[in-house]
Amino acid sequence: MKEHFLLSSDLIHLNHGSFGACPKTVFNNYHYWQEQLEQSPVDFITNTGLTALGNSKEHLAKYINCDTSDFFFTSNPTTAVNTIMRNLALNEGDEILSTNLEYGALDFTWEFYAKKNNVKYVRQAIDLPLKSKEHFLEMFWKGLTDKTKVIFISQITSATALIFPVKEIVIKAKTLGLITIIDGAHVPGHIPLDIKDLDPDYYTGAVHKWLLSPKGCSFLYVKKEFQKRLDPLIISWGFGRPETAQGSFLDYHEYNGTRDFSAFLTMEVLFQFRKDTKWEEELKVCKQKILNWYPKFCDLVGSEPICPVTEEFLGLMFMVPIKTTDALLLKQTLFKRFKIEIPVTDYLGNFGIRISILPYTSDEDILALYAAIKTLKEEGELIK
Ligand SMILES: Cc1ncc(COP(=O)(O)O)c(C=O)c1O
């Protein structure tokens, strides 16, 4: 599987979670579209590229199960959440209920919004280790008050790599009349996603992480009843266009000035790659490896898993709590001395290493990390 990717052979890449990795065939397709664009820029940007965009969207829509008319591509989930944030019309004193385990950039996004609008952003404390889904839900809903208007939550967390039970949250939020904004950056291509079934108000997912597209490809799904209320971050030609066959929501959001949207056009080839390599089957093997390795790595450093070691909470990543004297130096040492790319994450004042296992990850890669951590633990300077 490694041969299908552009990843350097000099490096053991155990950090798929941060920015993904793109197969060669998908990357070649990305270049193909860039060439098409450069060969006939005007026709591509105003005509053939748009047809290709529509076709590409069909493939993604099928996979995430929603209508093509209900989502548009964005460069990344931060752009998607900022678009929602700029359109929320909350009143002073209203509350946004979230958790204390959200992705840093989006945590800042809500902090910014809260300060500007005198709204309360509630980072509800989720204590670790999680004991069960019910335990999580009980902790989460403790943050609910009669001022809560919006729920913002990750479906898979960044630093801690946990799957949160968002389905149950969306169901209850609906009965309470709350707006649900789901950060599914890590979800598409990682665990099953069925937007129609989940039925959130807003959902963003990265395509360039676990779905394996080139960088700069994500999406924002918006439930129909919210589409008319959503202005794009960039006002461009779509604003003045009359309703077209496409519908003004998409016109409004899909045209935001001259840009290279080639990454958005790679969906057909991307899903073909996944089919040809039996990728989804391979992921099942990886998920089993995650369950096997998690307790072993924790034993190695004398820590405990932060959740039950089951597929309910774990996908293709796990986070091992570690005691380190210097997180940055630890990451650099693993990279420079052991040639291992792995994030040392921080969460709730603690540190952990987050390991991603994909079909391109060999057992030797995992064993190399295990040996490196064992060595550093025995040396006793960076890992206590
Ligand atoms: C939980 C979560 N949300 C959102 C993002 C998206 O970040 P960005 O917009 O910088 O790609 C990430 C990236 O790793 C993430 O882990």
Side-chain angles (χ1 to χ4, degrees), residues 20 22-23 25-34 36-37 43-77 79-81 83-84 182 184-185 187-190 192-224 226-228 230 232-234 236-238 241 243-275 279:
C22 183
T25 54
V26 181
F27 202 72
N28 289 342
N29 184 244
Y30 171 54
H31 278 169
Y32 164 80
W33 289 116
Q34 287 181 321
Q36 297 294 303
L37 194 163
D43 186 51
F44 191 84
I45 289 176
T46 60
N47 182 21
T48 50
L50 298 182
T51 307
L53 182 65
N55 292 340
S56 199
K57 280 185 78 177
E58 300 265 354
H59 291 275
L60 181 59
K62 209 165 134 203
Y63 188 79
I64 61 177
N65 194 27
C66 73
D67 297 339
T68 50
S69 54
D70 292 341
F71 78 92
F72 54 90
F73 284 110
T74 63
S75 305
N76 50 57
T79 304
V81 175
T83 306
I84 304 165
I182 309 299
V187 173
H190 185 161
L193 173 60
D194 183 331
I195 292 195
K196 281 191 180 156
D197 178 60
L198 183 62
D199 198 27
D201 296 321
Y202 299 94
Y203 193 102
T204 181
V207 182
H208 54 224
K209 287 184 191 284
W210 305 89
L211 265 176
L212 314 173
S213 79
K215 310 292 171 272
C217 185
S218 299
F219 67 87
L220 175 59
Y221 160 87
V222 183
K223 193 185 268 182
K224 283 210 167 36
F226 289 88
Q227 292 178 4
K228 280 218 179 332
L230 194 81
L233 291 180
I234 312 286
S236 183
W237 288 101
R241 272 198 196 172
E243 294 252 347
T244 62
Q246 232 192 348
S248 58
F249 167 68
L250 293 185
D251 284 339
Y252 205 17
H253 287 276
E254 286 186 341
Y255 196 87
N256 47 32
T258 309
R259 60 176 171 158
D260 176 3
F261 52 93
S262 306
F264 304 165
L265 307 181
T266 58
M267 298 305 108
E268 182 175 358
V269 170
L270 179 160
F271 286 110
Q272 192 62 48
F273 171 83
R274 294 177 79 95
K275 195 171 163 209
W279 190 260

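Note: hydrogens, waters and symmetry copies are ignored here, and every other heavy atom, side chains too, is used. The first residue in the sequence is number 1, and the count goes up from there.
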Between Phe73 and Phe264, what is the ring plane arrangement, given parallel below 30°, perpendicular above 60°, and tilted in between? parallel
Quick one: sort the Phe261 and Phe44 rings into parallel, tilted or perpendicular, breaks at 30° and 60°. parallel
Val187 and Trp210, any side-chain heavy atoms less than 4.5 Å apart: no
Go through Leu220 and Ile84 one step at a time and tell me if the side-chain contact (heavy atoms from CB on, under 4.5 Å) criterion holds. CA-CA 9 Å; Leu220 175 59; Ile84 304 165; 3.7 Å; yes
Tell me if a side-chain donor or acceptor on Ser56 pairs with a main-chain N or O of Met267 at a distance below 3.5 Å. yes
Apply the test side-chain contact (heavy atoms from CB on, under 4.5 Å) to residues Val269 and Tyr32: give CA-CA distance (whole Å), side-chain angles for both, the deciding distance (0.1 Å), then the verdict. CA-CA 11 Å; Val269 170; Tyr32 164 80; over 6 Å; no
Which residues share a side-chain contact (heavy atoms from CB on, under 4.5 Å) with [X], sequence neighbours left out:
X	answer
Lys196	Asn65, Asp67, Asp194
Ile234	Asn256
Asn28	none

Please report the shortest heavy-atom distance between [X] and [Y], naming the atom on each side.
X	Y	result
Ala263	Gly216	CB-O, 4.4 Å
Thr204	Ala80	OG1-CB, 3.3 Å
Pro23	Leu212	CD-O, 3.2 Å
Ser236	Gly257	OG-N, 3.6 Å
Cys22	Lys215	N-NZ, 4.3 Å
Pro188	Gly205	CG-CA, 4.0 Å

Around atom CD of Glu268, are there more than 12 heavy atoms of other residues, nucleotides or ligands at under 6.0 Å? no
Once rounded to the nearest 0.5 Å, what's the spacing between atom [atom1] of [X] and atom [atom2] of [Y]?
X	Y	atom1	atom2	value
Thr266	Phe273	OG1	CZ	12.5 Å
Leu198	Tyr221	CG	OH	9.0 Å
Leu250	Leu50	CG	CG	11.5 Å
Leu53	Ile45	CG	CD1	12.0 Å
Lys57	Ser69	NZ	OG	7.5 Å
Lys62	Leu60	NZ	CG	12.0 Å

Suppose we screen for side-chain hydrogen bond (donor to acceptor under 3.5 Å, both in side chains). Which residues come up paired with [X], at least two apart in sequence or across chains?
X	answer
Tyr63	Glu280
Gln227	Asp70
Thr83	none

Could you pull out all residues at least two apart from Asp260 that satisfy salt bridge (charged side-chain N to carboxylate O under 4.0 Å, His left out)? none
Name all residues meeting the salt bridge (charged side-chain N to carboxylate O under 4.0 Å, His left out) criterion together with Lys275; count only those two or more places apart in sequence or in a different chain, and write none if there are none. none
For [X], check ring-ring contact (aromatic ring centres under 6.0 Å, His included) against everything at least two apart and list the hits.
X	result
Phe226	Tyr202
Tyr30	Phe27
His253	Phe72, Phe249

Test: salt bridge (Lys or Arg N to Asp or Glu O under 4.0 Å). Region: residues 199-214. Which pairs qualify, not counting sequence neighbours? Lys174-Asp199, Asp199-Lys223, Asp201-Lys223
Between Phe219 and Ile64, does the side-chain contact (heavy atoms from CB on, under 4.5 Å) criterion hold? Intermediate values first, please. CA-CA 11 Å; Phe219 67 87; Ile64 61 177; 3.8 Å; yes
Step-by-step side-chain hydrogen bond (donor to acceptor under 3.5 Å, both in side chains) determination, Ser248 to Asp251: CA-CA 5 Å; Ser248 58; Asp251 284 339; over 6 Å; no
